Amino acid sequence: MERVMKLGGESPVVIFTKSNCCISHSIETLIRSFGANPTIYELDELPNGMEMERALVELGCKPSVPAVFIGKELVGGSNEIMSLNLRGNKLKQLLIRAKAIWV
């Protein structure tokens, strides 16, 4: 779990995903549409990916991917990101606060 939290804080936006997950791809595309450049960790391509996936589940991500960190904080999965996006400018405000994008 410590490794996941450390990686999640190394960049303004971090997304844990799997290469074959279309929802993860959609969330990545949404975040990029604001001008952010997220760091992507594809768990199915990492040697310790299964261990990291278990850690994400322990942190409350169900399903485990996508798991999005913004500003060193675990925001959640696709439901949370889409909800923030639909509630006005909440997602954009988080990205600005994390210095992932500029106005």
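The first residue of the sequence shown is numbered 1, and numbering continues consecutively from there. Any value given below was found using the heavy atoms of this structure, including those in side chains, with hydrogens, waters and symmetry copies removed. Owing to the predicted nature of the structure, the values given are computational and were not obtained by experimental measurement.
With a 4.5 Å cut-off on side-chain heavy atoms, K62 and V57 count as touching. At least one side-chain heavy atom of M5 sits less than 4.5 Å from a side-chain heavy atom of L59. When side chains are defined from C-beta on, L56 counts as touching L43, because their heavy atoms get closer than 4.5 Å.
Of all heavy-atom pairs between P66 and I27, the closest is CG-CG1, 3.9 Å. When all heavy atoms of V14 and G8 are compared, the closest pair comes out as CG2-O, 3.6 Å.
In this structure, SG in C61 is found 7.5 Å from CD in E80, a value given to the nearest 0.5 Å. Going from atom CG of L7 over to atom CD of E2 covers 10.5 Å, rounded to the nearest 0.5 Å. For the atom pair CD1 of I81 and CD1 of I15, the computed distance is 7.5 Å after rounding to the nearest 0.5 Å. Distance check: S26 OG to I31 CD1 gives 11.0 Å after rounding to the nearest 0.5 Å. Summarising the geometry, atom NZ belonging to K6 is positioned 11.5 Å from atom NZ belonging to K72; distances are rounded to the nearest 0.5 Å.
Annotation: E10, atom CD; neighbour count of heavy atoms from other residues, nucleotides and ligands within 6.0 Å is above 12.
Using a 4.0 Å cut-off between charged side-chain N and carboxylate O, R3 and E51 make no salt bridge.
For the side chain to side chain donor-acceptor pair (under 3.5 Å) test, residues two or more places apart in sequence or in another chain that qualify with D44 are S19. Residues satisfying the ring pair (Phe, Tyr, Trp, His ring centres under 6.0 Å) test with F16, not counting sequence neighbours, are Y41, F69.
For the side-chain hydrogen bond (donor to acceptor under 3.5 Å, both in side chains) test with S64, the passing option among E53, R54, E58, K18 is E53; the others fail.
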For residues 82-101, which side-chain N or O atoms pair as donor and acceptor with protein atoms under 3.5 Å away, sequence neighbours left out?
none

